[in-house]
Amino acid sequence: MSDIPQDITHDQYAVRLQKLQDMRAAGFDPFRANCEQTYFSADAMKLHVEGQDNIVAVKVAGRLVVIRDMGKSHFVKIFDQQGQIQLYVKKDVVGEETYVAFKKLDLGDIIGAEGTLFKTKTGEITVRVEKYTLVAKALRPLPGNWHGLADPEQIYRQRYLDLIVNPESRERLMLRSRIVASVRRTLAERQFLEVETPVLEGVAGGAAARPFVTHHNALGTDFFLRIALELRLKRLLVGGYDRVFELGRIFRNEGISRKHNPEFTMLEVYQAYSDFRGMMVLIRAIIQDICRDVLGKFELVHTASGQVINFAGEWREARYFDLINEAVGSKLSALRDTPGYREAAIVAAQKLGLDVHAGWETFEVVNEIFSKKIEPALIQPTFVTHLPKELCPLAKLNREDAGLIDVFELCIGGMEIAPAYSEQNDPFVQREMFLAQAGEDQQKMDTDFLLALEHGMPPAGGMGVGIDRLCILLTGAESIRDVILFPSLRPTGAK
RNA sequence: GGCUUCCUAGCUCAAUGGUAGAGCAGUUGACUCUUAAUCAAUUGGUUCCGGGUUCGAGUCCCGGGGGAACCA
């Protein structure tokens, strides 16, 4: 033991902890205090009337993010859900004792303050503080809020810090909330019912993807986390829910990349007595409502290409095989039902510099051309229609050409945003389609779903919308991690 | 999974293989309308972890951890 006090002035945690202990010793514990928040920051500022200072009283609350100590007065800023508001704390107004305590506050502390609104000589609407309360002591320093937080790992692992100091992140993620709210509004206006279906399933169907497996102890059985919403929602069509949707998390046990997170949010919508053409109208309404109500504009600069995407009006339609023919520079589709098709498709793909795996089915070779060469170039909203039937076993076959299906893939910004089908409701054809699946991507046969179809499902249009990708597109984000509050990372011990 | 690359003070970043630094934050002081406030002084390091090479390693090599980009 030394009687010389240990120098802790360099250790911000220790300094703040000491302040907390001093306060508690003096009979005040910030963690037992609370305050009122009568207005958020921006709402409060709107209450000020030009030329009428110190009349309107407000109670605001938030985190201290700027402190400017002027000796016998302070200008500080607090930060709440709406942004920042400046507080003016003057010794003459609050009194000696309160002022001395106020000087001990640190950046990051959470306080409540009440006072009246006035405009400073530089024109900033400010609260002239009469009383304040510390309601949470920040024991850890904030990352500097001038440079912000740049370390991507810390941004994702400690998103709360990112939200405090990086305004772009905060805005982008709040925009996501407003986009999702707008989607719900558009669907509610059209009398769609929002439902919730199981995440834990015995068969993970409705898509082709590797599922996560978990175990139920009491039942002594494994469950799969759902990889799609489709088969449950269609059972509801059988049950007489004519317009349903679910906005839910689905899970795919696959790689993590800029466009993939193992858990992500899917909107699936089903409308009885409609078809894929009806879904075109609906998805346009959903996205155009977002443009009008959330973004306030119908044109967006596509971050990756620099092109301006125009969401207004009607959107382009293009047949899958027309796009393929255009990409390969020949009439490849004319060979579709001939023995030379496979060889021609392989040659065409290789000519475009694509690797063709020996085990691939022909439709997979052709689709490689689509996903590598065509989709990335579809920047403007484009409905790709008349896809080969092998790609979607749950869709209705086209009446004129049984090798095609009545579906669209909506591509925007080089990404697949929403596939939609005229849903298959013939239980015999559906069984055959499940059985006939080939290639790498196979869906599990769900016999209980087939039983439901045998009870009769109305004809319907259905659609899936990748909400995360839609948000990437509409917020100009570069990665799916930028539109997911807490993206999946490898777990690690406390840092 | 493969390849490339990154990890240094609370934050943002420096440092030919040769004494680990700056700005902000922190601490002390001045200032009753500041705007990245200003002025003066000043503290602060297990350079992600573990080995190795070397007279000497933040830097080079090997292994491990975590992140990012590209590919699969």
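Chain naming here is simple, since letters A, B, ... match the order of the sequence lines and numbering starts at 1 in each. Atom set for the values below is all heavy atoms of this structure, side chains included, hydrogens, waters and symmetry mates excluded.
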message: With a cut-off of less than 4.0 Å, is there a side-chain N or O of A:Gln154 near OP1 or OP2 of B:C11?
response: yes
- request: Look at the rings of A:His357 and A:Trp360 and say which category their plane angle falls in: under 30° parallel, 30 to 60° tilted, over 60° perpendicular.
  value: parallel
query: Do A:Phe102 and A:Val94 come within less than 4.5 Å of each other through their side chains, counting heavy atoms only?
result: no
task: Measure the distance from CZ on A:Arg16 to P on B:U27 and round it to the nearest whole Å.
output: 8 Å
- request: Between B:A37, B:C33, B:A68, spot the one nearest the side chain of A:Val66, thanks.
  value: B:A37
message: Looking at B:U27, I'd like to know if its phosphate oxygens (OP1 or OP2) sit under 4.0 Å from a side-chain N or O belonging to A:Lys19.
response: yes
message: Rounding to an integer number of Å, can you tell me how far A:Asp162 CG sits from B:A68 P?
response: 13 Å
message: Without decimals, in angstroms, what is the distance between A:Leu139 CG and B:A25 P?
response: 20 Å
query: Rounded to whole angstrom units, what separation is found between the NE2 atom of A:His10 and the C1' atom of B:U28?
result: 16 Å
- request: Carefully, step by step, assess A:Gln86 and A:Tyr88 under the rule side chain to side chain donor-acceptor pair (under 3.5 Å).
  value: CA-CA 7 Å; A:Gln86 180 166 262; A:Tyr88 182 50; over 6 Å; no
query: Expressed in angstrom and rounded to an integer, what is the separation of A:Gln18 atom CD from B:U28 atom P?
result: 12 Å
- prompt: Which is true for A:Tyr99 with a 4.0 Å heavy-atom rule: it touches a base, it touches only sugar-phosphate, or it touches nothing?
  reply: nothing
message: Under 4.0 Å between a side-chain nitrogen and a carboxylate oxygen: does that hold for A:Lys444 and A:Glu201?
response: no
Selected nucleotide, minimal atom distance to A:Thr9 side chain, candidates B:C33, B:U27, B:G67: B:U27
query: What's the NZ-C1' distance between A:Lys91 and B:A30, to the nearest Å?
result: 14 Å
query: Given B:U27, B:C33, B:U34, which nucleotide is nearest the side-chain atoms of A:Gln86?
result: B:U34
query: Roughly how many Å is it from CG in A:Leu107 to P in B:A25, rounded to a whole number?
result: 8 Å
Under-4.0 Å salt bridge between A:Asp468 and A:Arg176: yes
message: Can you identify which nucleotide, out of B:U32, B:G66, B:C13, has its nearest atom closest to the A:Ala150 side chain?
response: B:C13
- request: Could you tell me whether A:Arg469 and A:Glu416 have a side-chain N and a carboxylate O separated by less than 4.0 Å?
  value: no
- prompt: Does OP1 or OP2 of B:A69 have a side-chain N or O of A:Arg481 closer than 4.0 Å?
  reply: yes
query: Which is true for A:Tyr13 with a 4.0 Å heavy-atom rule: it touches a base, it touches only sugar-phosphate, or it touches nothing?
result: nothing
- prompt: Of the nucleotides B:G67, B:C11, B:A72, which one has an atom closest to the side chain of A:Pro143?
  reply: B:C11
- prompt: Taking only side-chain nitrogens and oxygens of A:Arg258, does any of them come within less than 4.0 Å of OP1 or OP2 of B:C70?
  reply: yes
message: Given the structure, check if the side chain of A:Glu124 and the base of B:U34 hold any donor-acceptor pair shorter than 3.5 Å.
response: no
- prompt: Phosphate oxygens OP1/OP2 of B:C33: is one of them under 4.0 Å from a side-chain N or O of A:Lys90?
  reply: no
query: Can you find a side chain N or O atom of A:Arg140 that sits less than 4.0 Å from OP1 or OP2 on B:G10?
result: no
- request: Whole angstrom is fine here: how far is it from CH2 in A:Trp146 over to P in B:C11?
  value: 19 Å
